[in-house]
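These numbers come from a predicted model, not from an experiment. Just follow the structure's listing: the first ligand is 1, and inside any ligand the first atom is 1. What's counted below: heavy atoms across the whole structure, side chains too, no hydrogens, waters or symmetry copies.
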Amino acid sequence: MTRTATAMPPVAGLHHVTAISGAPQANLDFYTGVLGQRLVKKTVNFDDPGTYHLYYGDRVGSPGTILTFFPFVGAAPGREGPGQALAYAYDLPRAAFDNWAERLRNEGHAEGTVSERFGARVLTLRDPHGQRLELVEADIDGDALGGFHSVTLWVDDPAPTARILTDVFGYTDLGSEADAGGGERLRLKAPGDAPGAIIDILRRDGTPGRQGAGTIHHIAFRASDDAMQLDIRARLQAAGQQVTPQIDRQYFNAIYFREPGGVLFEVATDPPGFMVDETEAELGSSLKLPPQHEPLRARIEAHLPPLKVPA
Ligand code: ZN
């Protein structure tokens, strides 16, 4: 790998995770009603404006709390397997773990098994369209979920993926352990305590994953600004990665590349954020369109399925 001499601030962790779901209402009801997330942006897939793009997060849509969905009505289910991001995990206050586990089991969401991973309990759930998600006990206060704890990548060969994280993003290898579901789990962590600082890389035999409802489309890492994103882009190219030019996603600027294990990675800037076109109180309350799609608003709104946003 080519190395440049200049120092670069390390990546602070995850910016957002984007997944594919079925019909939007069930998705919205689960993430707001069951998990207590806030719908912070209701917009459309900029590359396919006939489909919603829903963003969930904390009150203000902080990086490291953002989970987004492309909800395709009637989407065929995907299949979990290597070459995919398998699951995202939220921090759950340690004191609230048992109550959450009991409630989710009673409501039929939890798979029922609590496993242990690097010394912390993990509760595994499925969302209404089959997406695997996890709640990991953490030393945080309150009863509500915190931001992301981690994402698990499932790949055939962890080493090249890990090298991107350590050599380009500045992550530290925290070691590995046997996974409760089989195979081996390698853990890497970004410096600092921002939410979503951990990436787990799972090596386990399996048939390659297939994209569809209930699977993760891509995961995005944080860049503090455009300059840092440009620096990361140059480093990725020096490491042999094919990276897109910067793309304006209205709430952040994005670059994308497919990491060696097959997972689509994005690097997204923290600014401008979700309050660029709505106040904190308004977040998620109306359909927001980027300027290029605004002339088509009437047609887009007529085509989108109705969506009842909880008060
Ligand atoms: Zn993204």
> So, the side chain of N45 versus the backbone of P49: is there a donor-acceptor pair under 3.5 Å, distance only?
Replying inline: no
> What residues form a ring-ring contact (aromatic ring centres under 6.0 Å, His included) with Y90, not counting sequence neighbours?
Replying inline: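 With neighbours one apart ignored, the set is F148.
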> Between H16 and F252, does the ring centroid distance fall short of 6.0 Å?
Replying inline: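 Yes.
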> If you group Ile, Leu, Val, Met, Phe, Trp and Tyr whenever their side-chain heavy atoms sit less than 4.5 Å apart, what else falls in with L230?
Replying inline: none
Extract all donor-acceptor atom pairs below 3.5 Å that involve side chains of residues 68-77 and protein atoms in other chains or at least two apart in sequence.
unit_1	atom_1	unit_2	atom_2	d
T68	OG1	T18	OG1	2.6
T68	OG1	H53	NE2	2.7

>> Do N27 and Y56 pair up side chain to side chain, a donor and an acceptor below 3.5 Å, judged on atom types alone?
In response: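 Checked: N27/Y56 side chains pair up, N/O donor to acceptor below 3.5 Å.
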> In the shown structure, where waters are left out, how many protein N, O or S atoms lie under 2.8 Å from the Zn ion (ligand 1)?
Replying inline: 3
